[in-house]
Amino acid sequence: MNQQSEPFYDVNRTYEDNYEQGPFGAFAAALDAPEQAADADSRGASGETFMGVPVNLAFGIPAGPLLNSRFTTAAFRMGFDLATYKTVRSRAWGCNPFPNVLAVHPKSADGSLTPGSAELDEGVLADTNYERPISISNSFGVPSQDPDLWQPDMFRAIEAAGPGQLLVPGFQGSRVAGMSEEDYIADHATTARLVKETGAKVMVMNTSCPNEGHNRLLCHDPLLIGRITEAVKREIGDTPLMVKLAYIPDDAALELMVRSTVGRGTVQGFSTINTISARLVDAHGAQALPGKGRERSGVCGHAIRGAGLDMVARLAALRERLGLDFAINGVGGVTTPEDYAAYKRAGADSVMSATGAMWDAELARRIKAE
Ligand SMILES: Cc1cc2nc3c(=O)[nH]c(=O)nc-3n(C[C@H](O)[C@H](O)[C@H](O)COP(=O)(O)O)c2cc1C
């Protein structure tokens, strides 16, 4: 592999090694020689915004592969004008065992996975053969440093944004044994306050990882999200808040989500989608990721492009029909400039790529070049 295609997050190393030693490939080079990497041609006003903040191009990397300020700073230097700091918590939280990433190979000719299809339960082949267009599964368990460590690092990350660039912090609540629902709501508000203390201009609250028990996501409970975002809003005041959603198949549930958040003035945008859960099997049909509770894992990259576009188009239609004003950040399977354009056509105000950017450090520059 040449340097440009070597992923900046090295899937052959542990999360801890990536955190300590990363980023790799072209991102590492951008940190070593900032003057060469400086994205001079993207500077200047373009009229684009992210949650009201002016940016060069409203394109970047969502919560996930940018583990700390070294990763986010490298992303800025490679021309990604939106860099999301991987989801943080109110307390230190361990990572799932290695491996955390596998390549995924859906059966369909175009490599896509359809929400609700039988293949997701019957098993999707997962191995270490990374091919293009790239689809992977990620299984981290949303690890976090202690706030005493991530707060000063997030501050550094915010400071490193160039002109027309924006550091987007990601956070989520943590459910621990013995917590009441009120405690769980309060944990979200506490974490949002800790994020705000770093000087964050905007923030994204993740409700789309399986922290509500096996295969259950917080974003399947719009009324609880309504209560959580009210508590968060009391802490962060006018700082714009975006909610990260998984794929929601039901239109009525999606409408209830919008009404109980945007409709009550607590939320200014949605980022969607997160991964799509699938049973992962090896070539012999056995469980692909080792360990209990890892029969299923979230798929991202090219395979989920259609599902992401569908969610964005349905949210845009709802926005129109309800006459509400909120931002839509389109995520899922963006690996080419054409994918970026497709999300914009579907109604996204901004677009982000996690898997595509991991395997193509030049993606932002290629989009800007078109
Ligand atoms: C390595 C990796 C780690 C991720 N970790 C998080 C996370 O901590 N919080 C979150 O909200 N989403 C996380 N995601 C999901 C992405 O933000 C994104 O929603 C998903 O990968 C779909 O986009 P993609 O197809 O461009 O990868 C992660 C994705 C990847 C690839």
Side-chain angles (χ1 to χ4, degrees), residues 7-15 18-19 22-23 59-68 71 75 80 82-89 93 95-96 98-104 106 111-113 115 130 133-145 150 168-174 191 203-211 217-219 242-247 270-278 297-309 311-312 329-336 339-340 342-343 348 350-360 363-364:
F8 59 80
Y9 180 99
D10 185 348
V11 298
N12 298 314
R13 301 183 201 224
T14 63
Y15 165 80
N18 272 280
Y19 191 95
F59 176 73
I61 300 179
L66 304 177
L67 307 190
N68 55 40
F71 284 79
F80 294 90
L82 301 170
T84 311
Y85 196 105
K86 184 167 167 63
T87 307
V88 294
R89 298 176 180 264
W93 199 273
C95 187
N96 288 347
F98 182 85
N100 304 102
V101 174
L102 287 176
V104 164
S112 66
L113 280 176
Y130 295 93
I134 184 83
S135 295
I136 64 171
S137 175
N138 82 74
S139 166
F140 289 85
V142 196
S144 176
Q145 304 291 323
W150 66 249
V168 182
F171 78 96
Q172 73 175 51
S174 303
T191 316
M203 56 184 90
V204 179
M205 184 176 95
N206 182 26
T207 68
S208 53
C209 287
N211 56 356
L217 310 177
L218 176 55
C219 65
M242 189 172 252
V243 170
K244 173 90 174 274
L245 299 176
Y247 184 80
F270 295 101
S271 180
T272 190
I273 59 175
N274 208 312
T275 58
I276 291 184
S277 169
S297 179
V299 175
C300 49
H302 175 73
I304 68 165
R305 177 183 182 275
L309 283 169
M311 263 293 274
V312 165
N329 183 48
V331 188
V334 175
T335 68
T336 65
D339 297 332
Y340 163 83
Y343 269 92
S350 56
V351 180
M352 292 187 183
S353 168
T355 308
M358 278 169 76
W359 267 269
D360 181 4
L363 185 56

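Read the numbers this way: they start at 1 and go in the same order the structure lists the ligands and their atoms. These numbers were taken from a predicted model, which means no experiment stands behind them.
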Determine whether a donor-acceptor pair (N or O, by modelled atom type, separation under 3.5 Å) exists between the side chain of [X] and the backbone of [Y].
X      : Y      : answer
Thr191 : Arg89  : no
Asn206 : Phe171 : no
Asn68  : Tyr19  : yes

- Item | Atom-level proximity to ligand 1, residues with heavy atom under 4.0 Å |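 Residues Pro62, Ala63, Gly64, Lys86, Thr87, Ile136, Asn138, Phe140, Asn206, Lys244, Ile273, Asn274, Cys300, Gly301, Ile304, Val331, Gly332, Gly333, Ser353, Ala354, Thr355, Met358 each place a heavy atom under 4.0 Å from ligand 1, listed by chain and number.
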- Hey, does the Lys NZ or Arg CZ of Lys86 hover above the aromatic six-ring of Phe140, less than 6.0 Å from the centre and inside 45° of the axis?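 Output yes; distance and angle both within limits.
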- Item | Heavy-atom closest contact (Ile136 atom, Val101 atom, distance) |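 Shortest heavy-atom separation between Ile136 and Val101 comes out as CD1-CG1, 3.9 Å.
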- Taking the side chain as C-beta and beyond, is there a heavy-atom pair between Val331 and Tyr343 under 4.5 Å?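 With C-beta onward as the side chain, the pair stays apart.
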